[in-house]
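Encoded as structure tokens, the structure appears first; notes follow it.
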Amino acid sequence: MMPAPIIIIGSGFAAYQLVKTLRRTDSQLSIQVFTSDEGNEYNKPDLSHAFSKQQSVEALIQLPAAEFAKRYQLELFANTKVENVDTAKQTITANGLLYPYSKLVFATGASTFVPAVKGNNATSIITLNSLVEYRQAQASINVSSSVLIMGGGLIGVELAMDLRTNGKEVTIVEPNSRLLANVAPDFVALRLEQQLHEAGITLALYDSVMSLNTTEGEATTVTSKQGKTFKVDTVISAAGLRANSLLATQTGIAVNRGIVVNKQLATSAKNVYAIGDCAEIDGKVMAYLQPIILSANVLAKQLLDQPAQLALTPMMVKVKTPAYPIQVGGSFDADSTWKVGFEKQGLVAEAYNAQHQMTGFVVTDQQLNQAFPLLRKISGQ
């Protein structure tokens, strides 16, 4: 009797990176992928640059779902919601049918957090965290002349620049006193804010959206906590991500900020794993490509019964804002000491801990070529 297949729930970057990594080693392994969307392969970071390039949904698809399934020899269940997981019997239920698994992987991703707001148009807030959402929103954003973005983090800032380049009036409303509050230090954010001002983007910092109201045929009136009002055609939330962990919770698997996994990517349930934006590693949910690629390498070995464990190297994050590109590496916090070199061509900033060890860095503008040498320095290479 054939062993039950490996089942992967989800079809985002983490799921498909895992499939590719598995297939490099084992071409015969039986794999089933269940996804609630279409299952096309695409590059999610492209979504925050698609409006200035005026890209259609089709142009963003790297490999259509059917072709991906054929190339990587898997059985794809597209537009299919997994309703239940039974970890004792090692089965999942989808569309009322039972499917057995030998090992199960949650690659359910994350969804954009939409803060609670009041008003008669509160349900009109758009999110752009998937190809499906982009497809739903593209037409209405294209005909909008003004857009308000809730959130001035990485995605919010990149989207704002993209929409501004596309000729739209753009406002960012950010609850923190600085943009990129969780990504870069204040002295970097300050320069970025100047660039956005110069590009004609309105910033409402230390503020948040309270209500959205509209009267027929008119633009939406957005009222903020500080009492400001903005008349806009479209409101987009870029207020951070929340792991899609409801199914895991219902299954009785340990969930904190994400689905809790160990260094082998294993959850609290036997033969069940999690990877990508839905997984919590060392207390952190890391929605970046680099940790996902490293995780896929480790998890592929686990699924093939080979020993491996995850060792996360210092990470690098690029803020793709053409007027003022920023690259951030390693880690730093409020207690870090900074050594900063300001130059006309941009800045190089090194973060040190209390033991005078370099832990992170930021480079901007024409100093981006310093990023890899600095990364090697903190990696001790």
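From a predicted model like this one, the values you see are computed outputs, not experimental measurements. Each residue takes its place number in the sequence, starting with 1.
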Strictly distance-based, threshold 3.5 Å: is any side-chain N or O of Asp86 a donor or acceptor partner for the main-chain N or O of Ala88?
yes
Under 4.0 Å between a Lys/Arg side-chain N and an Asp/Glu carboxylate O for Arg135 and Glu38?
yes
Tell me if the centroids of the rings in Tyr134 and Tyr42 come within less than 6.0 Å of each other.
no
Strictly under 6.0 Å, is that where the ring centroids of Tyr273 and Phe106 end up?
no
Hey, is the main chain of Ser331 close enough, under 3.5 Å, to the side chain of Thr359 for a donor-acceptor pair?
yes
Passes side-chain hydrogen bond (donor to acceptor under 3.5 Å, both in side chains), Thr35 versus Ser11? Steps please.
CA-CA 6 Å; Thr35 177; Ser11 62; 2.8 Å; yes
So, taking the atom named CG in Leu22 and the one named CD in Gln17, what distance separates them when rounded to the nearest 0.5 Å?
10.5 Å
Check this for me: does any side-chain nitrogen of one of Lys344 and Asp365 sit under 4.0 Å from a carboxylate oxygen of the other?
no
Result for side chain to side chain donor-acceptor pair (under 3.5 Å) between Ser111 and one of Asp277, Asn244, Asn129 points to Asn244
For Glu280 and Asn256, run side-chain hydrogen bond (donor to acceptor under 3.5 Å, both in side chains): C-alpha distance rounded to whole Å, both residues' side-chain angles, the deciding distance at 0.1 Å, then the answer.
CA-CA 8 Å; Glu280 179 182 317; Asn256 188 23; 3.1 Å; yes
Do Thr214 side-chain atoms and Glu218 backbone N/O form a donor-acceptor pair below 3.5 Å?
yes
Does Asp233 use its side chain to pair, donor to acceptor, with the backbone of Ser145 at less than 3.5 Å?
yes
Phe187 ring center near Trp338 ring center (under 6.0 Å)
yes
Under 3.5 Å: donor-acceptor pair, side chain of Thr93, backbone of Gly96:
no
Neighbour count above 12 (heavy atom, 6.0 Å) for Lys228 NZ
yes
Within 6.0 Å of CZ in Phe342, more than 12 heavy atoms from elsewhere
yes
In this structure, CG of Leu196 is separated from CD1 of Ile172 (nearest 0.5 Å) by 5.5 Å
Whether the side chain of Arg191 engages the backbone of Gln195 through a donor-acceptor N/O pair (distance < 3.5 Å, no angle test) should be reported.
no
Between Phe34 and Phe77, what is the ring plane arrangement, given parallel below 30°, perpendicular above 60°, and tilted in between?
parallel
Looking at Phe113, does the NZ or CZ of Arg242 lie under 6.0 angstrom from its six-membered ring centre and within 45 degrees of the ring axis?
yes
Closest heavy-atom pair and its distance - Thr313, Gln290
OG1-NE2, 3.2 Å
For Phe13, give me all partners under ring-ring contact (aromatic ring centres under 6.0 Å, His included), at least two apart in sequence or on another chain.
none
Among Val147, Ile125, Val114, which residue meets the side chain to side chain contact (heavy atoms under 4.5 Å, CB included) test with Val235?
Ile125
Using the salt bridge (charged side-chain N to carboxylate O under 4.0 Å, His left out) rule, take Lys320 and Glu158 through it: C-alpha gap first, then chi angles, then the decisive distance, then the call.
CA-CA 6 Å; Lys320 295 182 287 294; Glu158 288 183 5; 3.8 Å; yes
